[in-house]
Number of protein chains: 2
Amino acid sequence: MSVADEPTGVKDETWLPTTAYVLLGLLSFGQRLTGYELRQWALGSTRFFWAAPAMSQIYRELDRLERGGLVDERDESGDAGRARTTYGITDEGLGELRRWIDDAPSDEPVIRHPAAFRLFLGHLADADKLRTRLLAHRDWLDGLLADLDEVRTGLVGDDRIAYPALVADWGLEFFGAERSATDDVIGRIDVSGPIRADPG
Amino acid sequence: MSVADEPTGVKDETWLPTTAYVLLGLLSFGQRLTGYELRQWALGSTRFFWAAPAMSQIYRELDRLERGGLVDERDESGDAGRARTTYGITDEGLGELRRWIDDAPSDEPVIRHPAAFRLFLGHLADADKLRTRLLAHRDWLDGLLADLDEVRTGLVGDDRIAYPALVADWGLEFFGAERSATDDVIGRIDVSGPIRADPG
DNA sequence: TGTAGCATGTAAGCCGTTACATGATTGA
DNA sequence: TCAATCATGTAACGGCTTACATGCTACA
């Protein structure tokens with residue numbers, strides 16, 4: 001396909017989906033985890049910057065990772081006990097993760113924000129319902145910030161978690177700003193009343 | 001399929017993908033647009049809160065919308081000219097859009113932020129490359145903020161665009177905070193040097 | 001003259017979702 | 001004892017992407 005033989009130095013430039021690196025990243029902290037636990041951990045940490053995929057997707061991704069030798073599988077079901085398979089990152093997995101971190105193209109952040117979109121179309125909305133939604137969104141942000149604050153509190157200590165702490169601070173600023181912006185919007189809607197394109 | 005006839009009051013609770021409502025929302029401002037223009041408009045406005053889908057997806061969505069009678073299609077190719085099909089929102093389309101705005105479930109915002117994720121794994125990264133990426137991300141945010149500021153400037157005047165102006169302000173706060181958070185991170189990395197879990 | 005932008009699609013494939021299915025363990 | 005949580009999957013499907021294909025128009 002290429003015009004000529006690839007010049008030396010051009011390596012394999014194929015990458016796994018980012019979600020795979022999120023799983024590897026979680027495992028890179030050293031613990032062996034089950035698929036279920038991986039999701040709990042994702043929900044407790046990476047979800048602040050990477051929406052956690054469904055369980056079924058995690059299991060499928062772990063399958064692929066295992067087939068590729070990037071994680072290893074271990075059956076830790078007690079005899080007659082509950083099925084339990086743990087996953088750990090392999091040396092190849094760690095290498096691939098490092099390769100991604102250093103050399104994969106920088107994708108832009110993707111944001112899908114239904115609350116902001118509804119506000120954008122405020123002139124078509126029922127004023128009360130819009131207001132209720134904005135209040136609910138503010139509550140949701142409060143919950144998120146509380147969770148993140150708790151995470152941040154737990155992130156003091158050794159160097160291993162210095163970067164996660166940095167990200168937690170970043171998120172606190174980021175979501176804090178969204179919280180206050182949402183509050184501003186609620187205030188501006190309240191004082192001016194519903195804004196209508198067509199009077200009457 | 002249902003156990004019994006639906007009780008009265010329970011309406012059709014099926015929804016189109018949100019991207020369909022983004023297209024309807026863009027068309028709700030009154031202009032007839034081509035698929036291509038729709039994408040340009042999405043890139044210039046809604047992308048700040050809803051990542052614009054690929055062209056091919058827009059065309060497919062417009063097809064479905066047209067088949068459902070929510071938009072109408074008009075061939076505006078000049079004779080022997082370039083092919084050009086414009087789309088306009090119908091009354092049904094406006095009704096369905098209003099229905100979504102008022103009654104569809106509030107989905108949580110989805111965020112996928114590779115830059116934040118890389119920072120999270122900073123202990124595995126090459127320090128120089130990570131720094132370069134963060135600098136590039138700051139530049140990207142500067143560009144985004146400049147674009148958004150321009151949008152905001154154009155959004156003064158009639159009530160029809162009062163809500164979009166509100167959203168632009170929200171975005172300015174939001175992305176401005178991310179910009180300053182990114183700056184903070186760069187500063188903290190610079191003063192402390194690369195943080196390593198394993199010394200040496 | 002040639003390139004960038006305008007304009008419209010098709011095809012293939014992957015990521016991720018929801019719904020469904022199963023069963024063990026913990027604690028109220 | 002019953003419900004919530006732990007734990008693991010399969011099946012079907014849909015949204016969205018990339019790659020490919022085509023051709024016109026404006027402009028440097």
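Everything quoted here is computed from the prediction, not taken from an experiment. Lettering of chains follows the sequences in order, A, B, ..., and the numbering in each one begins at 1.
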Main-chain N/O of B:Arg138 paired to B:Thr182 side chain as donor or acceptor, under 3.5 Å: no
Given atom CG of B:Leu62 and atom P of C:dT10, what is their separation to the nearest angstrom? 13 Å
Electrostatic pair A:Arg84:A:Asp75 at N-O distance under 4.0 angstrom: no
B:Glu173 and A:Ser180: side chain donor to acceptor below 3.5 Å: yes
Output the rounded distance in Å from CG (A:Asp107) to P (D:dT17). 12 Å
Treating primed atoms plus P, OP1 and OP2 as sugar-phosphate and everything else as base, which nucleotides of nucleotides 3-9 of chain D get B, S or - for protein heavy atoms under 4.0 Å? --SBBBB
Helical bend (five base pairs per end, nearest 10°) for the helix from C:dT1-D:dA28 to C:dA28-D:dT1: 40°
Can you name the atoms? Protein N/O to nucleotides 13-15 of chain D N/O, anything below 3.5 Å, with the distance.
{"unit_1": "D:dG15", "atom_1": "OP2", "unit_2": "B:Arg64", "atom_2": "NH2", "d": "3.3"}

Under the salt bridge (charged side-chain N to carboxylate O under 4.0 Å, His left out) test, which residues partner A:Asp149, sequence neighbours left out? none
For B:Glu108 and A:His137, does a side-chain donor sit closer than 3.5 Å to a side-chain acceptor? no
Within 45° of the ring axis of B:Trp140 and under 6.0 Å from its six-membered ring centre, is that where the NZ or CZ of B:Arg179 lies? no
Could you tell me whether A:Arg32 and A:Asp72 have a side-chain N and a carboxylate O separated by less than 4.0 Å? yes
Which residue pairs pass the side-chain hydrogen bond (donor to acceptor under 3.5 Å, both in side chains) test with at least one member in residues 44-53 of chain A, sequence neighbours excluded? A:Thr19-A:Trp50, A:Arg47-A:Asp147
With sequence neighbours left out, what residues match B:Arg112 under side-chain hydrogen bond (donor to acceptor under 3.5 Å, both in side chains)? none
Atom-pair distance (CD1 on B:Ile58; P on C:dT10), nearest Å: 15 Å
Is any side-chain N of the basic residue among B:Asp103 and A:Lys129 closer than 4.0 Å to the acidic one's carboxylate O? yes
